[in-house]
Amino acid sequence: MKWVEVIVSFILTLSFLSFPSCGFQSDELLVDDEEFGLEGAPQHRSPEPIPTRSPPVTSPTRKRHSDLDSDSKIQFSLDHAFGDSDFSPAGTFSARLKTWSHGGQNLLESDDFYRIRLPSNVLSPPGRDFIISSVKARCLPRESLDEHFVIHMEGVNVLAVNYGSPGSCPYPRNLKLPAKWSFSSHTVLKNSEQAPRAPVFTEEILGGENAEGEVVQPAERSFWAKYWMYLIPLGLIVMNAVTQAMNMPEEQATGQVPAQGQPSAGAVQRGPSSAVRRR
Amino acid sequence: MAIRSFLILFILFFFSSLNPILSLYEDQVGLVDWHQQYLGKVKQAVFHTHKTGRKRVVVSTEENVVASLDLRQGEIFWRHVLGSNDVIDGIDIALGKCHYPFIRRKYFESMESSRWADGVGIFSSGSKALKIITNLKIEKDNIVIIFSNGRLNAVSCIDGEVLWEKDFEGESLKVQQVIQPPGSNLIYVVGFVSSSLFEMYQINALNGELLKHESAAFSGGFLGEVSPVFSETVVALDSTGLILLTISFQNGKISFHQTPISNLVKDSFGPAKIITSSVTGIFAIKMNAVTIVIRVKDESKLEVVEKTNHETSISDALSISEGQQAFALVQHASHEIHLRVKLAHNWDDNLLKESVKMDQHRGLVHKVYINNYIRTDKSYGFRALIVMEDHSLLLLQQGEIVWSREDGLASIIDVTTSELPVERDGVSVAKVEHNLFEWLKGHMLKLKGTLMLASPQDVAAIQSMRLKNSEKSKMTRDHNGFRKLLIVLTRAGKLFALHTGDGHIVWSYLLQSLQKSKVCQHPIGLNLYKWQVPHHHAMDENPSVLVIGKCGPSSDAPGALSFVDTYTGKELSSLSLVHSVAQVIPLPYTDSTEQCLHLLIDADKHAHLYPKTPEAISTFEREFSNIYWYSVEDDNGIIKGHALRGKCTGEVADEVCFDTRELWSIVFPSESEKIIAIVTRKLNEVVHTQAKVIADQEVMYKYISRNLLFVATVALKGSVEIGSVTPEESWLVAYLIDTVTGRILHRVTHHGSQGPVHAVFSENWVVYHYFNLKAHRYEMSVIEIYDQSRADNKDVWKLVLGKHNLTSPISLYSRPDVITKSQSYFFTHSVKAIAVTSTTKGITSKQLLIGTIGDQVLALDKRFLDPRRTVNPTQAEKEEGIIPLTDSLPIIPQSYVTHALRVEGLRGIITVPAKLESTTLVFAHGVDLFFTQLAPSRTYDSLTDDFNYALLLITIVALLAAIFVTWTLSERKELQENWR
């Protein structure tokens, strides 16, 4: 019985996972979670189902950034815009509460851009300018509206934000309305990597020279490179001659056998040719 | 048996030919490459014809070249290319009375040493009022008086020592002229203080002692420059530009005399401008298009001697005998120019009057320099060196053009290529060897050469035959695609078509839209694009190029378009735009006449589509939502992504105007990062394989996207010269950015590094060059980017059953899953430009072409810049071609593409694929031009030029004969056998 239960739940999860457009998606999400150490699965992030046309309810604050460093404590204000409309505040970064209750469906139908913006400086917003990022609206809906932020930081400055769906967004973007009009977000903060240093060899100078030496080719072309066009015909002639020479003694040998036996003209005639064929 | 031995032979042959040749043989120089030397627009010229021997002219140019030209042929005798920081302000021959070779050397030494004497003071840029006076003598030493940057210096010719100096900088004096009355040791320095005060200094030239200092105020103020008319009189304009002022300072007494221009000419044409010349008693003013030559009679009386609508240039005075000065006047009349040489005190008579027929595509005469010589009949003859609007240089003598130089080619702005016409009847074809006998003779000679039987004369004959091969300069398309037209746009606004075979100019055209006119005072040529590339109609339609220019340096200056036929060099049409041109995006779509669609973005972020045909618009609207582009605000440190929104709204209801919107932005912190390099992939680059098989049979998929952008930023402090910051306060950040979504795919910081950054982007890798302050060396880094989302497609069964995602369309809106590999290597040279070879199908391995600081082009195999190099590569890796890791990149002397030549002032390297996959065409330009063919993996798909067809033919004939003989022999033998 227990066994059956396991199987049923397994099938259920499978169907859940494969329900959104393509099979790769679940993979991607898993990788994402592993990679960036986000807590919780997407399902946990939207605890209560919000109906499509519901007024914006203050859903419980979702934690969506990692506790990796002190930067994560900072709150940004996040604005959004539908297509060409002006930016309107969408909540602060650490707790995004707004839903797509207005304009969302239109946006999905026209497959227009959903744009967001952040201040470029977290301490003195908006900094020099707003950082804008956008995505085609039909990339977002899955179970709920899944979004994925990668925020590139440099000190207190936000350099850029990569906004989009957490997984793939295959090209013919089909219209699909989400079950829940709320966002479930994944956020990653990224800082610059250090470049690998140029390798420094102090003792292996000799080895290095050898490596270079391999590449420096002798300026003179080899004998073959120069004279192949003469040598190949020559070789062919030689081979031809050799085969001729090999044929002759055998021909003589085969030719002599019938001559010694029966002095029939027909046998003599056929003798050598059949011998050749047999060889 | 036979087959086996044949196989062995074949394999032997195959291995023997595997060693690649990186360099040329000595006798191959000039076969496929050509090199042309230029000077740039001449700023100043001094004739050097005093002594017997070869006559020369020394010129200085806007490209900072000092050169000596042979007056007979116009060939370069010697040439020095100074850096862009060494602007030449003036030249003069200092030691005219010395022995010639000595002069030349001394001339340079005095210049150089005086520059050393006070650091950078004397020959630094930006000082217009530079003046050199050379005919002074102290004891046996000649001295040179140099005025520049508000300072007067006397320099000894012997050792370049500064004898005395006088500084005018502290006195807020704007020095206008430095005058030396002939035959005296006095120097007058005149100038203005605060635009209404005229000042005069009288200085003893021998010791720098200030003799007199006078000043006088003029309430009307001054405008522009002054022109000296006598040794103690100058002419200036008042601030309105309507009144001429004659200022004389005889005996230290300054007096003004005003003459309204309307008194001289009845119909005035608005404010005038003085054309300075050094001719005694004569000066010229220009009002709009009218030039008026005025003679000054005793101090204050002015008299108009000529008024003309033609463009006029006046040369400096040339003293031909005691107290006599001659000068030249060149006037432009539609198809010819009129040259007149007159004596300064005698306007009415001409010493010389000539008319020279002039090609209209040279534009107007900008400058003229004259020189005299003694004719065979002992009278004076004159020759004139003229600089034209297209920057070409011509020597006129006896009413003819003795020689001309196309020096506009020293300042190329943009290059594109065009195919030649398809070969058919009626198309001009250069003479080829029609004669079979000639052909056989040539091949017999080659045969002799191959069999080492040739005598030295034969060798010379073979070499000249190869060099003069008329095949390569034919005016038709060839099978291998080696023959093309290089269309170049020069700074003067002239288009040239150069033949890739030997570099000759096929046609040239001075673009009217890029010429100074009433509506457009400072036209600037921007770019060249392919406008029409006929493939289907290649037989009956000519390709054309689009030239984009704008009016003036400001960002909102209106643009100008011209369409030029690349076969005939005729302008098909031209357009003056109402909008500005900030960006040009060549779209990958064509209309039915095979015109390429171009999107022009103006300064107000509107997009304009060209051509403006309904068909183009409908094509464009189909792809409307797939068009994205980015813009860079360099000084702001912001990169923005854009897409189209819809038809323009507002006052301009234009069918081809579209509104745009901002999709993403990246804001670099202004206090810590500054953009110094931006590189994208070439639009027409072809990538052959998407996957790369690495050593252990693994497959890595290249992340190939046309929308990748490489950006390099440096710390604000690090954006200055190398050596002025410490490694701690300087860093360099490299970014790979997707330009559709604005995603930063990769970001890496190099601490202790700084610019300048030169980079090249190709396929899935970028190579960039910068300076490492910690290691005190230049470095080159490589970043390769691979797609992980397709990495699962390794399973053969998946591929067989079609369960892979390789064919599904890729959307950039999917979250990218990429990995990067990078490595840095030391590189010895600093770099002026980097390019990469490109071939038709992208199969041939790549080479980096590095323009070194020595103005040469170095070919470096991309394999050296492989991030996967390890110290001890495994056997499998070695087979793959991985080179053991070294800390620096090797510079192999044989791999200089330019071999012994130098492309002076190298600015750019352009690679164009030939039709033959193995070969790429390389064009390097700077002050010089250089062109060659490169085969990065050797010419594996064609026989070399010197392949001996005759020998092959003879071999085949011999073989056939041998077969025939052996066949008959065997027949006969068989017959005998049968009869036995």
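We use all heavy atoms of the structure for the numbers below, so side chains are in, but hydrogens, waters and symmetry mates are not. In the text below, chain A, chain B and the rest are named by the order of the sequence lines, each starting its count at 1.
Counting heavy atoms from C-beta outward, A/Arg138 and B/Tyr813 have side chains that stay 4.5 Å or more apart. Within the 4.5 Å cutoff, no side-chain heavy atoms of B/His750 are placed close to those of A/Gln194. Taking 4.5 Å as the limit, every side-chain heavy atom of A/Glu154 sits out of range of all side-chain heavy atoms of B/Phe668. Inter-residue side-chain proximity for B/Lys973 and A/Gln244 is flagged as unmet; no heavy-atom pair is nearer than 4.5 Å.
Contact count against chain B (heavy-atom pairs under 4.5 Å) is highest for A/Leu159 among A/Leu159, A/Asn157, A/Leu234. Of the listed residues (A/Asn240, A/Ile131, A/Val161, A/Val150), the greatest number of heavy-atom pairs within a distance under 4.5 Å of chain B belongs to A/Ile131.
Contact residues of residues 951-962 of chain B toward chain A are B/Leu951, B/Thr955, B/Leu959 (heavy-atom distance under 4.5 Å).
For a residue to count as touching a neighbouring chain, one of its non-hydrogen atoms must lie under 4.5 Å from one of that chain's; by this rule B/Arg743 touches chain A with backbone and side chain alike. With a 4.5 Å cut-off on non-hydrogen atoms, B/Asp738 does not touch chain A at all. Contacts between B/Val667 and chain A at a heavy-atom distance below 4.5 Å involve backbone atoms as well as side-chain atoms. For a residue to count as touching a neighbouring chain, one of its non-hydrogen atoms must lie under 4.5 Å from one of that chain's; by this rule A/Arg173 touches chain B with the side chain only.
The shortest heavy-atom contact between A/Cys169 and B/Ser814 is N-OG, 2.7 Å. Taking both residues in full, the closest heavy atoms of B/Gly742 and A/Asn162 are given as O-OD1, 3.5 Å, listed atom of the first, atom of the second, then distance.
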| query | Would B/Arg645 and A/Asp112 satisfy salt bridge (charged side-chain N to carboxylate O under 4.0 Å, His left out), going step by step from the backbone distance to the final call? | reply | CA-CA 10 Å; B/Arg645 183 159 56 188; A/Asp112 209 344; over 6 Å; no

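Look at B/Glu662 and A/Arg117 and you find no salt bridge, because none of the NZ, NE, NH1 or NH2 atoms lies under 4.0 Å from a carboxylate O.
Put simply, the side chain of B/Ser665 gets close to the backbone of A/Ile132: a donor and an acceptor are under 3.5 Å apart.
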